[in-house]
Amino acid sequence: MEQGGSMDADFSALDCISATFGITAAWLGRDPSVLGDHWGYHRRTDAVDSEWPVEHLGIHRRTPEEILHEWCGLTADHVHHADSRRAEEYIDAHLLDGHPVIAWVDTFHVPHSSFHLQQHHSHRIVIRPEDGNDRGDSGSVRIVDRYQGSLYDGFMERGTLLTAMASDALGEARRGDPDWRNRTVVVKAGTPDFGESQAAQQERFRSALARNARSFADVDLVTACAGELRAAPDDFISLSPVGTIEVSAWFGELASQRALNARFLRAAAEACALPSLHDRAADAEALSRRWEMTRNYFFLRLRKGSVAVRRIADLITETATLEREWNEKLLQSLDGTESLAPS
Amino acid sequence: MNDLSYSDFESALRKALPFLDDETPVDAHASLTELGLDSLTLLGLVAELEDRFSLELPDEMLVMETFATPSTLWSALSELPRS
């Protein structure tokens, strides 16, 4: 994607991973909507402890780093620092060079978070270089934390940041996660490719959309999970705190992914001059809201027991059906065979 | 469902939103996200509203869109059928 063409300084996403990579890509003058080039389900091959069947399903085949590299030539340097002092030196050096730094923090220590002094969660924020107009004092750093529910763009005390980055809670985050303490990512611009023709870019969008839509044959995996829940709802009414976070995160990540898919479809509609893709983007936004609703229902109503488990199974099945239709219509849009009736 | 009073509603908002202090008036058209509503506080706010007004929000209301501003939320609550 072209450099400086689609700067989106206010980019935000429903999850902090996409938000931090998107903010950084926008900072580098790239269009973060490419982060939505990704959907479909697959059975996870890594061994995971699980309490609900959905935990066996992966929704990410590619990382944000891989997507940004493919579309924009960006590279990401992940560093696990030995201690806070080295993390601070590394961050300062990159800020001085004008590079934003993504850092892992424990929300318990983040003053602008609603989890502050209440709950420990692994979270990512962007530390950005300061500009001349609103420079803070040397005891603070400039933070951008724009994801759903946290639209913070301001300063954080240096000591607070380092405490949040070194928190022991980051060493024991979600199932299967590594130790996130004192970790950073710096995303850097590679050699910009200004040579791609309009036709080549259109072909790139079309091929990405077709690949994603065809991978959706695996949506049957989701309906199978709903079937498992429906067959023995009493087996799924009690979850550990970790299990509750995992299942709720699964639904939340799907909501976030569909919202990003909508952005990507809008970019594709413009690049390919295919107005019907705007309709598919609206479909993706509606799907995002359905996964969000399912996540919130799960969190609020699971205490009702098997009735709630059956309702969640129904919501999953209904949404999977809508997702199948979304992908079928998308393929029709690409083939030019979509119905002329308003959708 | 109990009768809805706007002052009770405002009080529920203040309890759930971390960036809304007692002195600041509630602007009906302010973004609740700017006032600290996120996926966690939304759940707390739903629980608070359901408890105060003895109701259960329908599934379709359990999305951020419903909670865009105090005005949109109040309208949605006011349209719920009363028992």
Side-chain angles (χ1 to χ4, degrees), chain A residues 10 12-16 19 107 110-121 123 145-154 244-245 248-249 251-253 255-256 258-259 285-304 307-308 311-312 314-315 318-319, chain B residues 1-2 9-22 24 26-27 29-73 75-77 79-80 83:
Chain A
D10 294 330
S12 69
L14 303 188
D15 72 282
C16 66
T107 53
V110 175
H112 65 261
S113 168
S114 62
F115 294 91
H116 184 228
L117 302 180
Q118 291 188 47
Q119 288 188 38
H120 295 275
H121 284 288
H123 180 53
D145 189 4
R146 295 189 69 86
Y147 82 112
Q148 177 178 298
S150 172
L151 303 178
Y152 187 75
D153 185 343
T244 303
I245 289 171
S248 138
F251 292 127
E253 284 170 16
S256 181
R258 293 295 166 271
E285 281 167 348
L287 292 166
S288 172
R289 283 192 293 276
R290 283 192 63 92
W291 286 123
E292 183 195 356
M293 175 182 75
T294 307
R295 192 265 316 271
N296 291 339
Y297 183 95
F298 164 81
F299 225 104
L300 287 161
R301 314 288 187 224
L302 190 62
R303 59 187 159 75
K304 288 182 172 182
V307 171
R311 174 67 181 139
I312 293 166
D314 289 345
L315 287 172
E318 289 162 17
T319 309
Chain B
M1 183 173 78
N2 292 342
F9 169 71
E10 200 175 295
S11 162
L13 284 181
R14 287 188 192 282
K15 191 167 177 184
L17 297 175
F19 303 142
L20 189 57
D21 58 51
D22 289 344
T24 310
V26 177
D27 176 354
H29 303 293
S31 156
L32 288 179
T33 302
E34 298 284 354
L35 294 171
L37 188 77
D38 60 19
S39 53
L40 178 78
T41 46
L42 181 143
L43 298 171
L45 179 56
V46 170
E48 184 66 26
L49 290 169
E50 291 188 341
D51 186 47
R52 261 174 210 253
F53 298 124
S54 304
L55 53 79
E56 183 172 301
L57 298 189
D59 302 350
E60 306 74 45
M61 278 182 66
L62 300 177
V63 291
M64 284 297 266
E65 209 172 42
T66 311
F67 296 77
T69 66
S71 171
T72 58
L73 179 55
S75 298
L77 288 173
E79 284 168 14
L80 290 176
S83 56

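In the text below, chain A, chain B and the rest are named by the order of the sequence lines, each starting its count at 1.
At a threshold of 4.5 Å between non-hydrogen side-chain atoms, the residues A/Arg295 and B/Ser39 count as touching. Between A/Leu300 and B/Leu62 there is a side-chain heavy-atom pair separated by less than 4.5 Å. Looking only at side-chain heavy atoms (C-beta outward), A/His121 and B/Leu40 stay at 4.5 Å or farther from each other. Residues B/Glu56 and A/Lys304 meet the side-chain proximity criterion, which asks for heavy atoms closer than 4.5 Å.
Salt-bridge annotation for A/Arg290 and B/Glu60: absent, with no side-chain N of the basic residue lying under 4.0 Å from a carboxylate O of the acidic one. Between A/Arg301 and B/Glu50 there is a salt bridge, since at least one side-chain N of the basic residue sits less than 4.0 Å from a carboxylate O of the acidic one.
Taking CG from A/Asn296 and CE from B/Met64, the interatomic distance works out to 9.0 Å, rounded to the nearest 0.5 Å. Separation of atoms CD (B/Glu65) and CE (A/Met293) is listed at 12.0 Å; rounding is to 0.5 Å.
Looking at B/Val46, only its side chain comes within 4.5 Å of chain A, counting heavy atoms on both sides. In this structure, chain A has a heavy atom under 4.5 Å from the side chain of B/Leu42, while its backbone stays farther away. When heavy atoms are compared at a cutoff of 4.5 Å, A/Phe299 approaches chain B solely by way of its side chain, counted from C-beta outward.
In the displayed structure, A/Glu318 atom CD is contacted under 6.0 Å by more than 12 heavy atoms of other residues, nucleotides or ligands.
Looking at every heavy atom in both residues, A/Ser114 comes nearest to B/Gly36 through CB-O, 4.4 Å.
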